[in-house]
Amino acid sequence: MTSLQFWKPGTAGPGSTLDRATQAEENVIQSAPLSGNLSIQSARARLPIAKHREKLLYCIEQYGVTIVVGQTGCGKTTQLPQYLHEAGWSADGSVVACTQPRRVAATSVASRVAAEVGSILGDEVGYTIRFEDVSDKERTRILYMTDGMLFRETLVDPLLSRYSVIMIDEAHERSVYTDLMLGILKKIRRKRPSLRLIVSSATLDATSFLEYFTSGTPASSSGDEAIIVSLEGRMYPVQTAYLQEPAPDYVRKAAETVWNIHLQANQSLGEQQGSGDILVFLTGREDIDRCLEELTEMLPSLPRNAMRLRLLALHAGLSTDEQLAVFEPAERGSRKVIVSTNIAEASVTIEGIKFVVDSGFVKIRTYNPTTALSSLVTVPISRASATQRAGRAGRTSSGICYRLYPERAFNSLPVTTPPEITRVDLTTPILQLKSLGIDDLMKFEWVTAPPAESAVRALEGLYGAGMIGEGGGLTIVGEKVAECPVEVNIARMLFSSKEFKCGEEILTIAAMTAVQDVFVIPEGAAGALAELERRKFTAEEGDHITLLNAYNAFTRYGRSSSWCKSHALSFRAMSRAVSIRSQLKKYMQRFGLPLESCQGDAKRLRQCLVSGYWRNGARWVADGTYRSVRGNQVLHVHPNSVLFTRKPRSGWVIFHEMEETKKTQIRILTEIDPDWLLDYGHKYYDKRTGTSVSS
DNA sequence: GAGCACTGC
């Protein structure tokens, strides 16, 4: 047996590394039923947050902004809104809101709190997420919602006047909407100082949030009245172990480490002690599959008396059933090994993990404003992420985290991951800020300002698409598009469908391009069969109409999951497309856009597509790649495209998106006539200036 | 001839 070649610097108990690992355990759907109101109340009183109740209420009363630093298990997400409710903050029709970055968190926390309050979900306690509003406009006092939904509400009610307290939970995750909300709330508090704000964060960010809320014009009413409150939580100690030298191949090292953990735990500890599952953090599906392959090859050499290993993959591309498998408890005498992407860092919580193996890498999306190109790059994680990952080993008992890098490498990691707002295309956020009346982006107080080039790029794009005028203000169509929950180019397409008389079909296409992984193509022989199934939907013109065909077939054949299974479609994705379509349909009706059918006239439909995708034109070249109209960039067709193997007759296409992975790839293509790029691309621009633009 | 970090409206 090979020994574990790790150096263990010591235990990181509460008070050292791990009290920085704050993450809402409230994210987990609680399976233990609480019976009877008495036991609920005593369970509430036992939570670590309970003894800080009066202090918290005092701070919220006295300070405009309270930054709450709370560790896993302290109960802030479930208890704080209840304390506020009990203390009268929800009297006189006021609402206490608590935002979450993810839908599941908003719904599961709401149902737990409803049970604690003794209310039916949607009555006194409710939630609001996209497509689901389980709340009562009159009666709901505590409202859990996604931060995206709260942002949307500011478009309708800019002062968020129905709320007395707003708690932005998981603020350390720094999602785009969290950052936008913090900026807007700072502004709202100037106009409405009575609004109380709670920012729930990890230790590492707390001071930066404090500085953010106390800075600004000295005379402002919101300045100088923020405070940090620290809560301790419930967490078992987790030891951290580092490699002495960096591993040349972290995937292989991860497999070896899992193997060694298993053998060592098996040998040195008894049956009870030796159990405990292993969670491995890698970057993507390719790594995960390779790691699992290596482990599978080792299995035959497992000693006869050793526990068995149950090997599982976890990433977002898996079906719901496959994802659920990681929650099944391991059988007696076996140990689960879950090899996961970053999904297990915050989005998915698995109980019973005793060992974490951390590769130290993550794939993140970055955006290059000069080329307008998104790329997915593998980068070292931040110290906050490393701490968060380690914490996954200490949820149900003490644990060990094996970091596949030396301690000196940990010390040189960035403290936090750059906020998402600095890494994305700003077209939609800027359009929405303008819709809120924030025209001067230089004056908007970003928690972290995005790169100026990204803002400039987005403004140019909005101007070119006719969403903003020369003065930088919104045009009439821009105001409408800002309300639509889709990307600007897709919204533009919906609006011009009136002219091309194809609203019915464009609506479906808009919905289908908004969902990912519509086609499910498994590995091996089943994959070949699935390919044949998919071909039944294939349209000669390209992917957009192929998606349209798939959607129409889905609705025609009863919207069933079994039908999807036999036709290589994802039921989850298709159902989501149905929801998005019906939501977008309401917007079209509101804006008076007719839902006419093009009656099979694919030409008109494709012309309408060009009106949205006019910036995404590309020309086929002899080696099978494309060149972008803007920038003459080399583009490779994504293998999922129906045009992957075929040259379009005209030699020209528009595409939905491009992304840089190993190569620059374009996804969702449709053949066009190149003249359409000029005819339908610059319509709004032409009307206003009388000139055409060279791209 | 070959690929899919994760959210959210």
Side-chain angles (χ1 to χ4, degrees), chain A residues 27 99-106 128-133 145-156 170 173-181 281-289 313-318 340-348 359 361-366 374-379 381 385 417 419-421 423-424 428-429 431-432 435 481-488 490-491 511 514-523 527 531 570 573 576 579-580 583-584 586-587 623-625 636-641 643-646 657 659 661-663 665-667:
Chain A
N27 279 6
T99 71
Q100 296 292 320
R102 280 172 295 278
R103 293 160 53 95
V104 277
T128 304
I129 60 176
R130 188 181 186 183
F131 310 130
E132 269 180 78
D133 182 6
M145 62 208 302
T146 47
D147 41 23
M149 282 306 288
L150 186 64
F151 182 77
R152 198 142 277 281
E153 196 166 336
T154 60
L155 297 175
V156 185
E170 313 291 345
E173 289 190 22
R174 302 294 302 272
S175 75
V176 167
Y177 284 119
T178 298
D179 273 30
L180 291 174
M181 274 321 302
F281 284 102
L282 295 176
T283 61
R285 181 175 159 176
E286 199 181 324
D287 282 0
I288 290 169
D289 289 347
L314 177 62
H315 53 82
L318 297 175
S340 172
T341 61
N342 220 30
I343 193 171
E345 190 180 303
S347 306
V348 169
S359 66
F361 288 100
V362 67
K363 266 188 200 173
I364 60 166
R365 180 183 291 279
T366 58
S374 269
S375 24
L376 219 49
V377 286
T378 301
V379 295
I381 58 172
S385 268
T417 310
E420 198 186 357
I421 194 88
R423 302 183 277 114
V424 293
T428 305
L431 181 72
Q432 289 174 332
S435 175
V481 166
E483 286 183 49
C484 296
V486 281
E487 286 162 45
V488 170
I490 305 291
V515 296
Q516 282 119 44
D517 305 315
V518 170
F519 296 102
V520 187
I521 310 291
E523 303 266 308
E531 286 285 358
S570 156
R576 197 173 152 76
S579 301
I580 295 174
Q583 190 187 36
L584 294 180
K586 287 180 194 148
Y587 283 92
D623 61 359
T625 63
H636 296 262
V637 180
H638 193 282
N640 276 358
S641 171
L643 291 178
F644 181 63
T645 50
R646 202 156 46 78
E657 60 184 359
E659 189 175 72
T661 49
K662 281 167 195 155
K663 299 178 283 196
Q665 290 190 327
I666 49 177
R667 286 184 59 240

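Reminder, nothing fancy here: chain letters follow the sequence lines and each chain counts from 1.
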| message | Students often get this wrong, so: under 4.0 angstrom with heavy atoms, is T341(A) touching a base, only sugar-phosphate, or nothing? | response | sugar-phosphate
| remark: Syn within 90° of 0, anti beyond: dC6(B) is anti
| message | Rounding to an integer number of Å, can you tell me how far K662(A) NZ sits from dA5(B) C1'? | response | 14 Å
| Atom pair distance, as rounded to whole Å: CZ in R102(A) and C1' in dC6(B) | 9 Å
| task | Answer with base, sugar-phosphate or nothing: what part of the nucleic acid does F151(A) contact at a heavy-atom distance below 4.0 Å? | result | nothing
| query | OP1 or OP2 of dC9(B) less than 4.0 angstrom from a side-chain nitrogen or oxygen of R103(A), does that happen here? | reply | yes
| task | Kindly indicate whether the side chain of R102(A), heavy atoms from C-beta on, has any atom under 4.5 Å from the side chain of E173(A). | result | yes
| task | Starting at atom CD1 of I421(A), determine the distance to atom P of dC6(B), rounded to an integer number of angstrom. | result | 21 Å
| said: Any side-chain N or O of T146(A) below 4.0 angstrom from OP1/OP2 of dT7(B)? | reply: no
| Please give, in whole Å, the distance from dA5(B) C1' to I381(A) CD1? | 13 Å
| From dT7(B), dC4(B), dC9(B), pick the nucleotide closest to the side chain of S347(A)? | dT7(B)
| Hey, does I580(A) reach any base, or is it just sugar-phosphate, or nothing, if we go heavy atoms under 4.0 Å? | nothing
| In whole angstroms, how far is the P atom of dC4(B) from the CZ atom of R667(A)? | 10 Å
| query | Pick the nucleotide of DNA chain B nearest each of I343(A) and K663(A); which residue has the one closer to the 5' end? | reply | K663(A)
| said: Heavy atoms only, 4.0 Å cut-off, all strands: where does N640(A) land among base, sugar-phosphate and nothing? | reply: base
| task | Measure the spacing between CE of M181(A) and CG of D147(A) and express it to the nearest 0.5 Å. | result | 8.5 Å
| When the nearest nucleotide of DNA chain B is assigned to T645(A) and to Y177(A) on a heavy-atom basis, which residue is associated with the more 5' position? | T645(A)
| query | Are Q665(A) and dC4(B) close enough that a side-chain N or O sits under 4.0 Å from OP1 or OP2? | reply | yes
| said: Nearest to the side chain of F644(A), heavy atoms from C-beta on, is which of dG8(B), dG1(B), dC9(B)? | reply: dG1(B)
| Between the side chains of S570(A) and D517(A), does any donor sit under 3.5 Å from an acceptor? | no
| task | Determine, for E286(A) against K363(A), whether the closest basic-nitrogen to carboxylate-oxygen distance falls under 4.0 angstrom. | result | no
| query | Taking CG from D179(A) and P from dT7(B), how many angstroms apart are they, rounded to a whole number? | reply | 19 Å
| query | dA2(B) C1' sits how many Å from R285(A) CZ, rounded? | reply | 12 Å
| query | Is it true that the side chains of S385(A) and E345(A) contain a donor and an acceptor less than 3.5 Å apart? | reply | yes
| request: Can you tell me the distance, in whole Å, between the CZ atom of R646(A) and the C1' atom of dG1(B)? | output: 15 Å
| Given side chains that start at C-beta, do those of R103(A) and R130(A) come closer than 4.5 Å, heavy atoms only? | yes
| message | Does dC4(B) have OP1 or OP2 under 4.0 Å away from a side-chain N or O of T661(A)? | response | yes
| Selected nucleotide, minimal atom distance to R152(A) side chain, candidates dG3(B), dG8(B), dC9(B) | dC9(B)
